[in-house]
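Residue numbers run from 1 in the order of the sequence given. Ligands are counted one by one from 1 in listed order, and the atoms in each one are counted from 1 as well. What you see is a predicted model; the values in this text were computed from it and never measured.
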Amino acid sequence: MTDVTFAALGLAEPILRALAGENYSTPTPIQAKAIPVLLAGRDLLGIAQTGTGKTAAFAIPMLQKLSVGHVPPDSKQARGLILAPTRELAVQIEQSLRTYGRHLNLRMAVILGGVNQSGQVRTMARGVDILVATPGRLLDLVQQKHVRLDAVQVFVVDEADRMLDMGFIRDVRKLVAMLPRRRQSMLFSATMPEDIASLSREMMNAPERIEVAPQGRTADRIVQMLYHVPMPQKRQLLSKLLEDVALNRVIVFTRTKHGANRVAEHLSKTGVAAEAIHGNKSQNARQRALDLFKSGKARVLVATDIAARGIDIDHITHVVNFELPNEPESYVHRIGRTARAGGDGVAISFCDPTERGYLRDIERLTRNKIEVLAHELPELPPEQASQQGLRPAQNHSRGNHNPHKPQQKGGHSDHNPHAPKKRGGSRPYWSKERRTQRGSRPGGPAKATNTAS
Ligand code: AMP
C-alpha cells in the first residue's frame with residue numbers, strides 16, 4: 001500500500017464512492033503509479049504479478065475515460081476491449097469492472113469460449129462500452145461479423161505471458177491488427193520473454209514502463225515451506241495438514257487433471273469439502289466449483305495450473321503444491337494466489353524424490369531456499385522406499401516404523417536432525433496466530449502437524 005489517496009490521483013466521485021464501498025483505502029503501488037499515467041492518456045507496459053492490484057490499475061482509468069462525455073456505442077461495437085488468457089480471469093475482470101463502475105452507467109460484456117455463443121451475440125447486437133474476452137472466441141465472433149472492433153479507444157492485454165504459454169499470441173496479433181490506430185493501449189505481464197517484448201513494441205506507442213515486483217521474485221509476505229515426501233504418502237500428509245483448521249481456504253495444485261480429480265475425491269471421502277477445477281470440466285462446472293470455494297462451502301479447491309491462472313479469490317490462507325510444477329514460473333504464479341491485497345499467506349510444497357530437479361529450478365528462479373520441514377508420517381516399507389529411491393529415514397522421523405504406534409509426545413529427538421528448527425512451540429509457527437480458531441473445532445483441537453526441532 002502507499003501514502004497517496006485515490007482522490008489525489010484525480011478519480012471521479014462515482015469511482016471514489018465505489019472504491020470506498022470496497023474498503024480500498026489506499027492505492028497499491030501499481031495503482032499509484034499506473035493510474036496517473038493512464039489518466040493522462042499514455043500507453044502502459046505493466047510488469048506485475050496477479051495479487052498486486054493490477055486489475056484495478058487498468059480498470060479504473062478505463063472506466064473513467066469511457067464515462068466522461070459518454071457516447072453510447074453503436075450496434076456490435078465495443079469502446080474498451082480487454083483480452084484475458086482464461087475464461088475464469090475474463091469473468092473476474094468483468095466482475096471487477098462492474099464493482100468499480102457500479103455508479104457509472106456503462107454497459108459491459110464478457111465473451112469466452114466453451115459456452116454457447118448466442119447469448120454473447122445477442123449482447124453485442126446492442127453494443128457495449130467495455131468488452132472482456134478470451135482471444136479465440138472473440139476472433140471467431142469478429143470473423144462472423146457479430147462484433148466490430150473499429151470503435152475501440154482503450155485496449156488491454158492482461159497476463160500476456162500466459163497468452164504466450166497457451167498459444168494465443170497469434171490470435172492476439174490478429175485482433176490488434178483490426179483495432180483503430182488511434183487508441184490507448186496497455187499490456188500486463190508477470191514476466192517479459194522476447195515474444196511479449198516484441199508484441200508490446202508492436203501494439204504500443206512509447207509506453208510508460210512500470211514494474212512492481214522484480215521478475216521471478218516471489219511475494220515477500222508469503223511464508224514458504226516444503227516437505228520432502230514420497231508420492232505415495234502425499235495424500236496422507238495433505239489430510240494430516242488439513243486437520244489444522246488454520247488451513248481455512250486452501251488451493252491445492254496438481255500437475256495433471258487426473259491428479260486433481262483424485263486428490264479432490266480423496267479429500268471428499270475423508271470428509272473435507274473439496275472441488276476440482278481443470279480444463280476437462282465444462283465452463284459451468286468450473287464456475288460452480290469456484291463459486292462453492294468462494295462462498296466457503298468447499299474448503300479446498302484442487303486445481304491445475306492453467307485452470308487456476310488468474311483466479312482472484314481473497315483470503316486464501318494456504319497454497320499447497322501437491323506436486324511441484326515443472327516450470328518454475330508456475331510456482332511463482334501458484335503461490336501468488338495467497339497473500340493477496342496486503343494480506344499474508346502460506347505456501348506449502350510437497351517434493352517427491354523425482355521432483356528434486358523442479359525444486360532446484362524454483363529455488364534458482366526465486367533466489368530463495370525454501371525452508372524444509374519434517375513430517376511425522378511412518379516410513380514407507382523398505383521395498384517401496386527403494387522403488388522411490390529413498391534411503392530409510394531420509395525424509396521421515398526416525399524409529400517410527402509402526403504406523404499404529406502412538407507418536408511420542410515431544411519426541412523431537414526422533415526427528416530428522418537436519419531439519420530446521422521450529423520458531424517456538426510445538427505447533428508449526430505458521431498456524432500459531434490462528435490458535436484461537438482451533439479450540440472451536442468440534443472434537444477439540446487437531447493434532448499439531450509435527451515439525452522437527
Ligand atoms: P489483482 O492483482 O488485480 O488480481 O488484485 C488482487 C486483489 O487485491 C483483488 O482481490 C482486489 O480486490 C484487491 N485490491 C485491489 N486493489 C486494492 C486496494 N487498493 N486496496 C485493497 N484491496 C485491493
Worksheet item: Parallel, tilted or perpendicular for F350 and Y227, by the 30°/60° rule?
Response: perpendicular

Discussion item. So that I can tick it off, tell me whether E194 and R201 are bridged by a salt bridge, with the cut-off set at under 4.0 angstrom between side-chain N and carboxylate O.
Written reply: yes

Item to complete: Consider every N or O of G53 and every N or O of ligand 1, then say whether any pair is closer than 3.5 Å.
Response: yes

Worksheet item: In terms of side-chain geometry, is the basic nitrogen of R107 or D129 positioned less than 4.0 Å from the acidic oxygen of its partner?
Response: no

Discussion item. The criterion is ring-ring contact (aromatic ring centres under 6.0 Å, His included); which residues satisfy it with Y358, sequence neighbours excluded?
Written reply: none

Discussion item. Looking only at side-chain N and O atoms, does Q287 offer a donor or acceptor that is under 3.5 Å from a partner on R87?
Written reply: no

Practice prompt. Using a strict cut-off of 4.0 Å, indicate which atoms of ligand 1 neighbour a heavy atom of K54.
Written response: 1 (P), 2 (O), 3 (O)

Worksheet item: Do D158 and K54 meet the salt-bridge criterion of a basic N to acidic O distance under 4.0 Å?
Response: yes

Worksheet entry | F6, portion touching ligand 1 at heavy-atom distance under 4.0 Å | side chain

Worksheet item: Which atoms of ligand 1 are found less than 4.0 Å from any heavy atom of T55?
Response: 1 (P), 3 (O), 4 (O)

Discussion item. In this structure, does ligand 1 have an atom that sits under 4.0 Å from one of the heavy atoms of T26?
Written reply: yes

Worksheet item: What part of Q31, side chain, backbone, both or neither, has a heavy atom within less than 4.0 angstrom of ligand 1?
Response: side chain

Worksheet item: Mind checking whether S25 has an N or O less than 3.5 Å away from an N or O of ligand 1?
Response: no

